[in-house]
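Structure, as structure tokens:
Every chain is numbered from 1, with letters handed out A, B, ... down the list of sequences.
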Amino acid sequence: MTSTVTTGRRSDSLIGSSERKHNGDRFLRGEMEYIDDLRLPDMVYAAFLRSPYAHARITRLDLTRVRESGDVLLALSGEEAREHTDPIPHFIDPAFFGGKTVDVRCLAVDKVVYAGEPVAAVLAGTRHDAEAALELIDVEYEPLPFVLDADDALAESAPRINDGWDDNVVITVPFVSGDAEAALAAAPHTLEEEVKIQRYSTQPIEPRGYIGVWDRRERSYTFYGASQNPHPLRWVLAQTLRVNEGEVRVIAPTVGGAFGLKMHGHPEEPLVCLLSRLSGRPVKWIEDRSETLQVGAREQTHRFRVGFESDGTITGLVNRFTANVGALGAPPGWGMAYLSALSFPTGYRIPNIDVQATVVTTNKAPWNAARGYGKEATNLVMERIMDMVAARLDLDPIEVRRRNLVRAHEFPYRTPTGLNIDSGDYHGAMDKAIELIGLDALRAEQMELLQHGRYLGIGFAFELTPESGDIPGTMVSGFDTSTVKMGPSGQVSIATGVTTPGGGNDTSIIQIVAQTVGVRMEDCTIIQGDTSRTPYGFGNYSGRSMVTGGNAAYLAALDIRAKLLEIASRMLEVPTDDIELADGRAYCLSQPEKSLSIPEIAYPIYSLAFATATGIEPPLESTRVYQPSNLSHIPDPETGKMNLYPTYSNAVHVAVVEVDPETGVVDLRRFGVVHDAGTVINPRFVEGQMEGAATMGIGAAIMENSAYDPETGRLLANRFKSYVMPRASDVPSFEQRHQETPSPSTVLGTKGAGEAGVGGAQAAMVNAIHNALAPLGVTIRELPLNPRNVLHAIVLAKKGAGQ
Amino acid sequence: MISDRYDYALPESIEDAVTLLADSTDRYSVISGGTWVVPELSQHVRKADRVIDLRRAGLNTITAEDAKVVIGATVTYSQASADPLVPQVLRSMARGITGGVQVRNQGTLGGSACYAYPASDVPGALTGVGATMRVRSAGGRREVPIGEFFIDAFTTCLEPGELLEAIVVPADTGAGATHLKLKNSQGSWPIVTATCVAGPEGAVTSVGIGGAGRKPFVTTFAEGADDNEIASAVREQLDEPWADVLATGNYRRHVAGVMAVRAVAAARTGEHS
């Protein structure tokens, strides 16, 4: 059943309505329970001793003194942990893709490969005692040479991070289509440039936190955690802890932001379970901010060459890039680099591309996934290229984009890497963005201000975000499952495999179901994040929750709807196609005075199963899986390429900045965005997601930087005073417009929302700053464009100009 | 989380506080608001056997004394920003402290001065207005000109057994008195501060610079000095610029000159901020 039906009365449709968060009042009253709010009886606290060295052999680890301490219940070494556990399965194992892999252990054994790697654990009755006891662990290291930079790590003489590896390359990922070198050779114009993207991370205000509970009588674990993916995590814990999947239950309480950080593979996840089993007590661990800041993402250096015609049409692109993924961990971090490569050349028609990612391991801490998942880097690079081509040809950067963007009539559009873009109107979105920002007036203001020595900049960026992906051979899956049940009361309970990291997908799913079965939203409840109470699903990532869980809930609700229409037809004695379900009632369309309440038609399904409801299969329950149509991992017979994403949201971002040429400080004056997420279920939530993602992109462009100390190999930016993120007062009010080109790949026409925004905003900012400084001829290759880097570039440009 | 065990003392008077200090070992920490010291304790980068909390020692008053204002060592930013006795330039500085209302209600001018962190507002601002630091020990009281108070980054002239009792500042710093700061974002510590007050008859001949060096300093110049002369004088005086993860030394040296020029211009025109 994949046909779309029109449900409810369009005039007050819940789908497309900016409903408020259905349980928002509970958040406001502080009634939601986050992981750190959970206090179980007899609970004890774990603390982890972490390596101060970026690379070292552990020559001695003696737990005698810490075990003698009266406060300590238990201490555990890496050797001991290894006796009880298997390596943590990789979320995405590079070996599956032809790369090298490592066994990731919960505690280091013999050797550490990054500063911050856990080497021992202690348990005590309070967090205070557990942390204090770490000082009683006697550990000696033999420091080894370490390497922090990807280019340095590729040198023949570089220290090898992993024993037995002949170099530090995890994997090389090529995507080739056409003949890029020939296209460059034939092109009348070429350019060669570099963009260095700094290491930065995602920092949900709630850090990670876990509670492991071993039930001796049931011989099973219950794991409570701020987790994005409870069902796959259950599999990982069972594998690591050597138990059956049926002996593990994962429960995710309310989550205070995730952004990829709370995807699994972190060593502390199995450790709290093991520590509970060994101690017989529930074990809690809540991450410290200095630990959250260790988890990295996105450090990539792109070196590219572009061939183009005199009118700005790009004919060929060669891009070689390194991704510094730090030490290889089990979370899905390194896969971001794979996706960066796959996403070239975004929504532009460039026939000849030659992209190669070199994924490099170093002695920085491991990556985890981070919102944008590598696609943000691709958007940044492509948008820099568009502005660079325009500058080279002295053309309007908007015009260069128009000439290269895929046309609205060309969808579905197969990209050179094999992606199959579902729908869009990129030129239309560009027009809306120009109108939204009032481009002509802004450019006039820019000219005017320049006369007074002031540098206003306007930066555009087109952004393509492949969303709701499925990576074959991994637990990054493109389907999900929802159950809808209506009881004899006519009330609805929904259970779904997608989870909520703090946004509004739960409310949006209720909107879909409520409208489809004709009840009010307050008659619905939703369950997420519990492996015992929800059908199998993959949680939240890749902007997938509405595409998969939302559409699955829609299919299940349609099953209920069909039964309700049938019983209503019998009771009202009118045909089913003359009945509408809305607002808690079944109405006869042609005789509006004839109607029944939803409870009046639900109850007979249960109570008159052998009378009025004969032949209507009870109960009113349905579990449905949604698999988007536009996904296939059977390689295309001609090209050998696969389409890993069903939907492709897109956006046009505009940033307006003023740069202080004396200090390099960037003042963000306005930020506009036109976003196409297909059919919008709830505009409020889609806009909120875009505001958050764009703010992350703004931070990435001008502030955030996980700086390391080259002398010690330790993270310097280890608190919010040294890792600077945007606050509300750093960003203007976002000016947003929606553009809806429904996706033909999904039943409801939804595309992903949530990931889009990071790369587009980052690119618009970087382009705006360059646009502001264009009169000085400034090129800044290294992000972030913080005041120091901007001023440095201005000074260099002035020197070059002999000023 | 603070993992050390230490004695916590809450003296009820300045006399009790200095007596306690005299009896303490080397590893003591004095706090007023605790916004610097407590995070360091919880991050395990500071060790203490004894923490002496001054919040009940009766040092939270602001009083007029001749042509001076005496700001007690535990006066919070919020308190200072709301008291008309405090010169407008310091009130505005206190209002602009990064960290939100929680930090401004908790943090104190005296605590920040004693912590002597280069990338903070108070050291440069007190230097710019020409404060005098009233220092107390069991042995008595001494007054230290601000130029002698800061020895180095994180180091003041306070000897073991001494604590800051009050900050004495001029009551009138002139209509144009200005405290400017440059920072990377709203949440960032200051990179550089420039504080300028007008002398008698409105003459502007000095600027106090914070954040740029290991300790704050005052640059003086002729009354008619032009922008280049002021900026150069500031940069030349900065032999060892402060550097951290947010900004390099070279950057700080450069923008110290820029911010000095802007503060002087504001002070000269009387458009204080």
Side-chain angles (χ1 to χ4, degrees), chain A residues 45 47 50 71 122 124 126-136 286 288-291 660-668 698-699 702-709 714-731 784-792 794-795, chain B residues 1-6 35-36 39-45 47 96-101 103 117 119-120 180-194 211-212 227-228 231 235 241 243-263 265:
Chain A
Y45 296 82
R50 296 179 184 275
D71 294 330
V122 296
T126 65
R127 179 171 178 169
H128 174 280
D129 287 342
E131 289 187 7
L134 295 177
E135 291 193 1
L136 301 174
I286 301 292
D288 203 68
R289 184 59 60 182
S290 64
E291 294 168 317
D660 180 340
E662 292 185 319
T663 63
V665 170
V666 173
D667 175 28
L668 174 57
I698 291 162
I702 64 173
M703 296 178 199
E704 299 181 37
N705 185 15
S706 305
Y708 273 73
D709 183 345
R714 291 176 204 154
L715 183 69
L716 283 172
N718 61 358
R719 53 185 296 199
F720 280 148
K721 280 296 176 191
S722 44
Y723 186 87
V724 186
M725 296 203 307
R727 298 185 178 190
S729 46
D730 283 303
V731 293
L785 273 57
N786 58 29
R788 184 262 162 198
N789 286 347
V790 171
L791 184 70
H792 183 68
I794 292 170
V795 171
Chain B
M1 179 157 291
I2 300 171
S3 61
D4 289 317
R5 292 174 191 280
Y6 51 79
T35 58
W36 291 111
E40 288 192 348
L41 289 168
S42 68
Q43 289 156 16
H44 311 166
V45 295
K47 300 283 178 192
I97 293 292
T98 300
V101 70
V103 164
Y117 179 44
S120 58
L180 295 183
K181 69 171 153 182
L182 182 82
K183 53 184 189 173
N184 280 6
S185 71
Q186 290 296 324
S188 147
W189 279 322
I191 304 299
V192 161
T193 66
D227 290 355
N228 278 334
R235 290 172 186 144
D244 62 18
V245 67
L246 295 182
T248 60
N250 279 339
Y251 179 75
R252 285 189 150 92
R253 185 198 302 277
H254 181 89
V255 295
V258 174
M259 298 310 286
V261 167
R262 291 180 183 180

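Here the closest heavy-atom approach between residue B:V245 and residue A:S722 is recorded as CG1-CB, 3.4 Å. Among all heavy-atom pairs drawn from B:Q186 and A:S729, the shortest one is CG-OG, 3.1 Å. Listed here is the closest heavy atom pair of B:S185 and A:V724: OG-CG1, 2.7 Å. Looking at every heavy atom in both residues, A:D660 comes nearest to B:R262 through OD2-NH1, 2.7 Å.
A 4.5 Å side-chain heavy-atom check between A:E135 and B:H44 finds every atom pair outside the cut-off. A heavy-atom distance below 4.5 Å is found between the side chains of A:K721 and B:T98. For the pair B:R5/A:H128, a side-chain contact is recorded, criterion being any heavy-atom separation below 4.5 Å from C-beta on.
In this structure, the separation between CG on B:N250 and CZ on A:R788 is 8.0 Å, given to the nearest 0.5 Å.
Under the side-chain contact (heavy atoms from CB on, under 4.5 Å) criterion, B:D227 pairs with B:V261, sequence neighbours left out. Scored by the side chain to side chain donor-acceptor pair (under 3.5 Å) test, B:R252 finds B:D244 as partners (sequence neighbours excluded).
Of the listed residues (A:L791, A:T126, A:L716, A:N786), the one with the most heavy-atom contacts under 4.5 Å to chain B is A:L791. For chain B, the option among A:A132, A:A47, A:A707 with the highest count of heavy-atom pairs below 4.5 Å is A:A132.
If you measure heavy-atom distances from A:D709 to chain B, you find no contacts under 4.5 Å at all.
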